[in-house]
Engineer: 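First, the structure itself, so that you have it in front of you.
In the text below, chain A, chain B and the rest are named by the order of the sequence lines, each starting its count at 1.
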Number of protein chains: 2
Amino acid sequence: MNARRATIADVARQAGVAASTASVVFSGKTAVSEATRSRVLAAAAELGYAGPDPRAASLRLGRSGVVGVVIGDRLRAAFRDPVTTIMLDGLAEGVAERGSGLLLLRDDESGGAALPAAPADAFVLIGCSTRLRSDLEVLQRRGVPVVVVEGDAGEGIPRIRLDNHDAQAVIARHVRELGHRRVVVVALPVGGGHSRGWFDPQSVSQITVDVTRERLEGALEVFEDARVYAAGASFIDEGYSAGRAVLTAPGERPTAILAQSDVLAAGIIRAVHDAGLRVPEDVSVTGFDGVSVDGVAPLTLTTMVQPAAEKGRAAGIAVSAMLEGVAPPDILLTSVFRPGNTTGPVSSDVAPGA
Amino acid sequence: MNARRATIADVARQAGVAASTASVVFSGKTAVSEATRSRVLAAAAELGYAGPDPRAASLRLGRSGVVGVVIGDRLRAAFRDPVTTIMLDGLAEGVAERGSGLLLLRDDESGGAALPAAPADAFVLIGCSTRLRSDLEVLQRRGVPVVVVEGDAGEGIPRIRLDNHDAQAVIARHVRELGHRRVVVVALPVGGGHSRGWFDPQSVSQITVDVTRERLEGALEVFEDARVYAAGASFIDEGYSAGRAVLTAPGERPTAILAQSDVLAAGIIRAVHDAGLRVPEDVSVTGFDGVSVDGVAPLTLTTMVQPAAEKGRAAGIAVSAMLEGVAPPDILLTSVFRPGNTTGPVSSDVAPGA
DNA sequence: TTGTACGCGTTATCAA
DNA sequence: TTGATAACGCGTACAA
């Protein structure tokens, strides 16, 4: 450990050249004679010079080659969620073309690196919360490109969106065509301080989480009087407890449960089985996302397959465009219906509704 | 869009104070009179100043609040691998205490941000390859803390390790006690340009991937004459193709297959079923990792559960310590045997080996 | 092909 | 409590 780290100036002095010459040797921007070149390299080796300091370089160049990714409250939740994981994968791919790395950030107030202080050239927000709005303004003022995936960050910010409303309506219609009329929607978290529990469908427009609201609106378009139970998170266990709550609630048991995610659906199916009922004979269950979830086998979930990797890739491409100074368009991706064997016709031996 | 972004100097001028005073207003390092404070803030608002530029700040301060994470060749593989995912989760938690973000880097030559040029205060390497060695030297020369998880990066670099050898021996012994003698190990990639296929156990010491070598050595300690088939990656599909290759190979069919990961085991089980055989009656299968893998249900994998999240957390803590100037000790984490129903005694109706 | 001069935007130090 | 000064380490016009 030297008292001070060697800088390019030290190397230049040692090699008997100007600092700018040494700089050029490392960047390769200008031709350098082989003689000086090797002298500089030798000096660098001798001094243990590790190449240009990225911090200084990024100040000088005005960019750091880093794209910030802001994910939900907790990284662990994001990692645990297969859809986010796949999306990040696509994003990494999209960003890699520029040679950029991905800086993972939480939008957590406490402890996490403050968003405006994060050294990134651009930011991708995933399902952003309202809490982010103020940070976003700061970034925009600074002129840092921002792209939002599945969320609304306000005007002027490009969005990568999914056809949540229509997709949920498609699968709801499938259920309706099977004859189901008593339906419960198990929703993703609705935000706004509301934790898990029954949710009044009248308040749907107040839901702050875009994904949840859009999918719910799609379902309610088909089943106007569906009841809605909001889960606390998109975990199998949450789906399980939601399923139990739904099946043990007073009143008539639903013949179909529409989950807003495959993960929730997996938990719901377990709850149905635990209640001594069969899927789909007694209760039909649908998912959303099209990811393979553990615990569903040997059943195959009837679900909407969303292009998760494509979402990330699109975001990466949008970011690249903005860094080039081009304004990217909003992008709307569509989901595809995938039939499975967790839905079936209303069986006649179930007592019809009053 | 102004021609130029406002800087702290602009704000200071507008407020009629020195730049250093304005700086202090934002950093809060020194007391400032309320009058000047509000003048500076007003000027900042007027000019649309977004706070100190993180690039300049990090040059000046000598740190960026970023911890680099180097994962395997492909980010997508890392994300897809449940163990890595869980580990990253733990790592995020470990570094969050310092308020650092996580910069994901590939050790891929092409495309990714070059390791030495990545603007991070410290680095965590996951299962590093030999290719990294030179980059590592550079980082160490620069004085950047480096921690290695499951890999050897050379002397002086703290390691977070798993008891791969012993753990694999434990589960192998379990299989041996069930009476199995004809055993095949399906290994993780062995590196060194060797792709999927049969691998000569004599060459075990030449395997460059530490995890693979250590687990293999553990297995060979118990089953000296086990045959070894190397998978191309830790995917279910790779396990499947390995399973097919193993079951259709000339010579006697093994009564047990030891997979080096749960994911591989899941694929192997499918291959066994496809071959018209039963698990565990005809073939016993073991995994490694203890993550829940899709496609195994309703069976429960007999496996070694490794503390994946703990690995990440330990790495985060080690990094924090190094940034404080404290040398952290090497850490060895241990795995726990978890019995399932994918292993059973050698059934008597299978013809014994010659 | 090489060197000079300057600025990128910030903050620590010290003196006032 | 405030201000002047000097780095932090680098890249790039431009001139030689």
Engineer: Testing the 3.5 Å rule here: is there a donor-acceptor pair between the side chains of A:D121 and A:S64?
Structural biologist: yes
Engineer: Are A:S20 and A:S23 linked by a side-chain donor-acceptor pair shorter than 3.5 Å?
Structural biologist: no
Engineer: Whole-Å distance between C:dC8 C1' and B:R5 CZ?
Structural biologist: 14 Å
Engineer: What is the separation between atom CZ on B:R55 and atom C1' on C:dC8, rounded to the nearest whole Å?
Structural biologist: 10 Å
Engineer: Going through the checks in order, is the side-chain contact (heavy atoms from CB on, under 4.5 Å) test met by B:V25 and B:T36?
Structural biologist: CA-CA 9 Å; B:V25 168; B:T36 31; 5.8 Å; no
Engineer: When the distance from CD of A:E34 to P of C:dT2 is rounded to whole Å, what number comes out?
Structural biologist: 10 Å
Engineer: How many angstroms lie between CZ in A:R161 and NZ in A:K311, if you round to the nearest 0.5 Å?
Structural biologist: 12.5 Å
Engineer: Measure the spacing between CG of B:L332 and CZ of B:R159 and express it to the nearest 0.5 Å.
Structural biologist: 10.0 Å
Engineer: Looking at every non-hydrogen atom in both residues, tell me the closest pair between B:Q14 and B:A43 and how far apart they are.
Structural biologist: CG-CB, 3.5 Å
Engineer: Encode nucleotides 10-16 of chain C as B, S and - characters from 5' to 3', where the letter depends on protein heavy atoms closer than 4.0 Å: B to the base, S only to sugar-phosphate, - to neither.
Structural biologist: BBB----
Engineer: Closer to the 5' end of DNA chain D via nearest nucleotide, is it A:T21 or B:T36?
Structural biologist: B:T36
Engineer: Look at all strands and tell whether B:S58 reaches a base, only sugar-phosphate, or nothing, counting heavy atoms closer than 4.0 Å.
Structural biologist: nothing
